[in-house]
**Student:** 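One structure, pasted below without further comment.
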Amino acid sequence: MEISDNQALRWHEYVEWLHTSPETPFSQQWVRYNEIFADRDPALPPPPAWVPDADRLEHANVSAVMRELGIGDYRDLHRWSCDNRSDFWGRAVDRLGIVFTLQPDQVLDLGAGPTQPKWFPGAELNNVSSCFKGDGYEMAVVVGREGSDEMEAVTYEELEMLVNLVANGLAAAGFSPGDAIALYMPMNLECVAAYLGIIKAGCVVISIADSFAAPEIARRLEIADAAAILTVSSFQRGGRSIELYKTVCESGATPAIVIAAEGFSEESLRDGDLLWWDFLSEATEFEALTGPPDTVTNILFSSGTTGDPKAIPWTHLTPIKCALDGHFHHDIQRGDVVAWPTNIGWMMGPWLIYATLINRGCIALYEGLPTGRGFAEFVNAAGVGMLGVVPSLVRAWRDSGACDDVDWSRINTFSSTGEPSNRHDYLWLMNRTGYRAPVIEYCGGTEIGGGYLTGTVIQPASPASFSTAALGLELAILDERGNLVPDGEEGELFLVPPSIGLSQTLLNRDHDAVYYNDCPEGPNGEVLRRHGDQVARLPGGYFVAQGRADDTMNLGGIKVSSLELERVLENHPAVYEAAAVAVQPGGEGVGKLVVFAVLVDEVPEKDLLRDLGKSLSKELNPLFKIHDLLIVDSLPRTASNKLMRRELRRRYDES
């Protein structure tokens, strides 16, 4: 790509120089980055840290589609994908090789309106079949384990055989199509096989994060009407033994299928529970049970902090969205090794399975803590090409030095989701590969099946910003008056249905009330769907996440997002991470700013309060005053790593 921006050209030349001087400390690189892009023209896109070279532009998946369509500019491709939904999604399923046992009558039927579209009416499929097409000898999964340098490699043929053993085991145990089977276990090889085997058998997966306690397990099993739960007796993480079967028993769960760790015997089972090897059938062939595209295959849960979590059904359609984002936005190609430390209870667990296998890649799984050097070395040994992260993981690597002197030269793409990132951490992350790999910022939701804001490998990447809306998905960012915001302004983001991946039902909520009631119309009268994020629009088609709409506060008559405040607070050298929330003492009146801080160095609270107040005054606004500062050991987060600011407000109000 030709670089016409003078500052971007200077940074590119500096990066080329760094390749000859790799010993240059990152602290100097960070200073140079800020020097080069100081006083940047606000009419320009955000400062790029990475620009695609000619080889990446030539061989990217999205480039191939642009050539097929005769479209020369990515922005035009995105516009085309929204204006021609049927053609776009029809081409997508052909390119991804989605397997239909009955071909659809058409791609899209909007007879019931944009909120209840019928995708591929007349078709039948089972999405697991799309994960096993082509040669069976290629690598499907590679597994590394904490405390060991050995790795286990599994081919597509071997993985499909294990999937079939699970599917046959379910049938032999008396489970019927439509029965819901919970998965409560770490993201390992057996988890992947069980997930696919349950769906292949026509049953429904209930995804439960392995961090949940017994009451949370019981709530989810009840909501989803579980027929059984598949778990492990225990597993090792960070040198600790995590006892999952014990927690399952405490939850009063339905019958369990238990993968036994060393030392666990059949005598330890409850009556009616089965060991994994007794459950698996000996039959290695199984014909997938197919159904209409809107057949429910997986129930996942939102990370709500009050009341029951939303139960969000995924269908045979949702993997198409996962695979499409992996194909076009993360550029997963055949044979690529993809790692993303995650969990089957968070949407990125199923996403990783589908985005990798449908694109004929290889899933890299690490059994253990991803924060240590063992994981960093596994990434190198497994030949990972696409590495997914969450911001807190990047910060842990940077602070601990876990990645120092580890060869990550084979990584060609990073991706980040879970929480908004910051420029310092993500420039550091790109530095791990000598700035040869971009970070694809990826923001979406369980009820979307993937992302709505993302990046591509054919556009310049700027740390902590998004370069595009996802292909096939149209957005509207509106101010409080319902007008589209211009560049440089922020507003609430709404989705414009329809799109594959968008949920159409909820198990335990009124779907329309959650996503459509009281939504404004789009600029051209379109139906809009609420998502709840605040987003700033930047020049050049870029975006920056500003946190949840309900995390926006009014301080001194000025609206500001929690995220914007936290970015300033976390620049203090003694602050590891911070959370900013607005409270109303007495339950009414003007909102007051309360800061929760986790520290890396001890500092007198009075001095810290003074320093943080000065920083907010200088860098944001002198009207922003800290009402109270609380030093805490940790901040509450959901299983998907989202900061629970609502929980912090509750704690403060009750204190």
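Keep in mind it's a predicted model, so treat the numbers as computed, not measured.
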**Student:** Compute the centroid of each ring, for W351 and then for Y442, and state whether the two points are separated by less than 6.0 Å.
**Tutor:** yes
**Student:** For G472, is there any backbone N or O sitting under 3.5 Å from a side-chain donor or acceptor partner on H78?
**Tutor:** no
**Student:** Any side-chain donor-acceptor pair under 3.5 Å between S416 and Y426?
**Tutor:** yes
**Student:** Is it the case that the side chain of R85 and the backbone of C82 share a donor-acceptor pair, with hydrogens and angles ignored and the cut-off at 3.5 Å?
**Tutor:** yes
**Student:** Answer yes or no: is there a donor N or O on one side and an acceptor on the other, between the side chain of N359 and the main chain of G361, under 3.5 Å?
**Tutor:** no
**Student:** Around atom CD of Q103, are there more than 12 heavy atoms of other residues, nucleotides or ligands at under 6.0 Å?
**Tutor:**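 Yes, CD of Q103 has more than 12 neighbouring heavy atoms, counting only those of other groups under 6.0 Å.
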**Student:** For P293 and A123, which heavy atoms make the closest approach, and how far apart are they?
**Tutor:** CD-O, 3.4 Å
**Student:** When the ring planes of F120 and F100 are compared, do they come out parallel, tilted or perpendicular, using 30° and 60° as the limits?
**Tutor:** tilted
**Student:** Can you tell me if W276 uses its side chain to pair, donor with acceptor, with the backbone of I257 under 3.5 Å?
**Tutor:**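 Not at all, since once roles are kept as given, no pair shorter than 3.5 Å links the two residues.
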**Student:** To check you understand the geometry: which heavy-atom pair defines the closest contact between W50 and R56, and what is its length?
**Tutor:**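 Closest pair (atom of W50, atom of R56, distance): CZ2-NH1, 4.2 Å.
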**Student:** Hey, could you give me the CD/OG distance between E367 and S148, rounded to the nearest 0.5 Å?
**Tutor:**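 These two atoms lie 10.5 Å from each other.
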**Student:** If you count heavy atoms of other groups shown closer than 6.0 angstrom to CD of E282, is the number above 12?
**Tutor:**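 It does not: E282 CD has 12 such atoms or fewer within range.
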**Student:** Measuring from atom SG of C191 to atom CD1 of I353, what distance do you get when rounded to the nearest 0.5 angstrom?
**Tutor:** 6.0 Å
**Student:** On the 0 to 90° scale, with breaks at 30° and 60°, tag the F132-Y156 ring pair as parallel, tilted or perpendicular.
**Tutor:**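 Because their plane-to-plane angle is over 60°, the rings of F132 and Y156 count as perpendicular.
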**Student:** About how many Å separate NE2 of H327 and CG of L324, when rounded to the nearest 0.5 Å?
**Tutor:**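 The CG atom of L324 sits 8.0 Å away from the NE2 atom of H327.
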**Student:** Using the side-chain hydrogen bond (donor to acceptor under 3.5 Å, both in side chains) rule, take T468 and Y74 through it: C-alpha gap first, then chi angles, then the decisive distance, then the call.
**Tutor:** CA-CA 9 Å; T468 180; Y74 174 81; 3.1 Å; yes
**Student:** Can you tell me if S63 uses its side chain to pair, donor with acceptor, with the backbone of E58 under 3.5 Å?
**Tutor:** no
**Student:** If you draw a 6.0 Å radius around CD in E138, do more than 12 non-hydrogen atoms from other residues or ligands fall strictly inside?
**Tutor:** yes
**Student:** Has K133 got a side-chain atom pairing as donor or acceptor with S130's backbone, closer than 3.5 angstrom?
**Tutor:** yes
**Student:** Would you say that more than 12 heavy atoms from the other residues, nucleotides or ligands in this model lie under 6.0 Å from the CD of Q106, or not?
**Tutor:** yes
**Student:** By the definition side chain to side chain contact (heavy atoms under 4.5 Å, CB included), identify the one residue from D94, L317, I320 that meets it with W89.
**Tutor:** I320
**Student:** Give the ring-plane orientation class for F328 versus F88, where under 30° counts as parallel, over 60° as perpendicular and anything between as tilted.
**Tutor:** tilted
**Student:** Does a side chain donor of either S81 or R91 reach within less than 3.5 Å of an acceptor in the other side chain?
**Tutor:**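 No pair is found: no donor N or O on one side chain lies under 3.5 Å from an acceptor on the other.
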**Student:** Do NZ/NE/NH1/NH2 and the carboxylate oxygens of R334 and D135 come within less than 4.0 Å?
**Tutor:**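 Looking at R334 and D135, the cut-off is met.
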**Student:** Can you tell me how far CE of M66 sits from CH2 of W80, rounded to the nearest 0.5 angstrom?
**Tutor:**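 The CH2 atom of W80 sits 12.0 Å away from the CE atom of M66.
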**Student:** What's the spacing between C131 SG and L357 CG if we round to 0.5 Å?
**Tutor:**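 It comes to 5.0 Å.
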**Student:** Does N168 use its side chain to pair, donor to acceptor, with the backbone of A283 at less than 3.5 Å?
**Tutor:**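 Side chain of N168 to backbone of A283: a pair is present.
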**Student:** Do K200 and N164 get their side chains close enough for a donor-acceptor pair, meaning under 3.5 Å?
**Tutor:**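 Indeed, the side chains of K200 and N164 share at least one donor-acceptor pair under 3.5 Å.
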**Student:** With side-chain contact (heavy atoms from CB on, under 4.5 Å) as the criterion, how do D210 and I242 come out once you've worked through the C-alpha distance, each side chain's angles and the decisive distance to 0.1 Å?
**Tutor:** CA-CA 9 Å; D210 62 24; I242 314 297; over 6 Å; no
**Student:** Before you tell me yes or no, could you show the steps for S265 and E267 under side-chain hydrogen bond (donor to acceptor under 3.5 Å, both in side chains), namely the whole-Å CA-CA distance, both residues' side-chain angles and the distance that decides it to 0.1 Å?
**Tutor:** CA-CA 5 Å; S265 66; E267 288 71 29; 3.1 Å; yes
**Student:** So does Y184 get a backbone contact from the side chain of T231, meaning a donor-acceptor N/O pair under 3.5 Å?
**Tutor:**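 Confirmed, T231 side chain pairs with Y184 backbone.
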**Student:** Once rounded to the nearest 0.5 Å, what's the spacing between atom NE2 of H330 and atom CG of D325?
**Tutor:**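 With rounding to 0.5 Å, NE2 (H330) is 7.0 Å from CG (D325).
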**Student:** Under the 3.5 angstrom rule, does the side chain of S499 hit a backbone N or O of L502 as a donor-acceptor pair?
**Tutor:** no
**Student:** Counting neighbours of CG on D55 that are heavy atoms of other residues, nucleotides or ligands and sit closer than 6.0 Å, is the number greater than 12?
**Tutor:** yes
**Student:** Verify side-chain contact (heavy atoms from CB on, under 4.5 Å) between D336 and M386, making sure each step is shown before the conclusion.
**Tutor:** CA-CA 7 Å; D336 283 351; M386 204 286 277; 5.9 Å; no
**Student:** In plain terms, say whether E447 and K310 are close enough for a salt bridge, that is, a side-chain N and a carboxylate O under 4.0 Å apart.
**Tutor:** no
**Student:** With distance as the sole test, does H329 use its side chain to make a donor-acceptor pair with the main-chain N or O of L471 at under 3.5 Å?
**Tutor:** yes
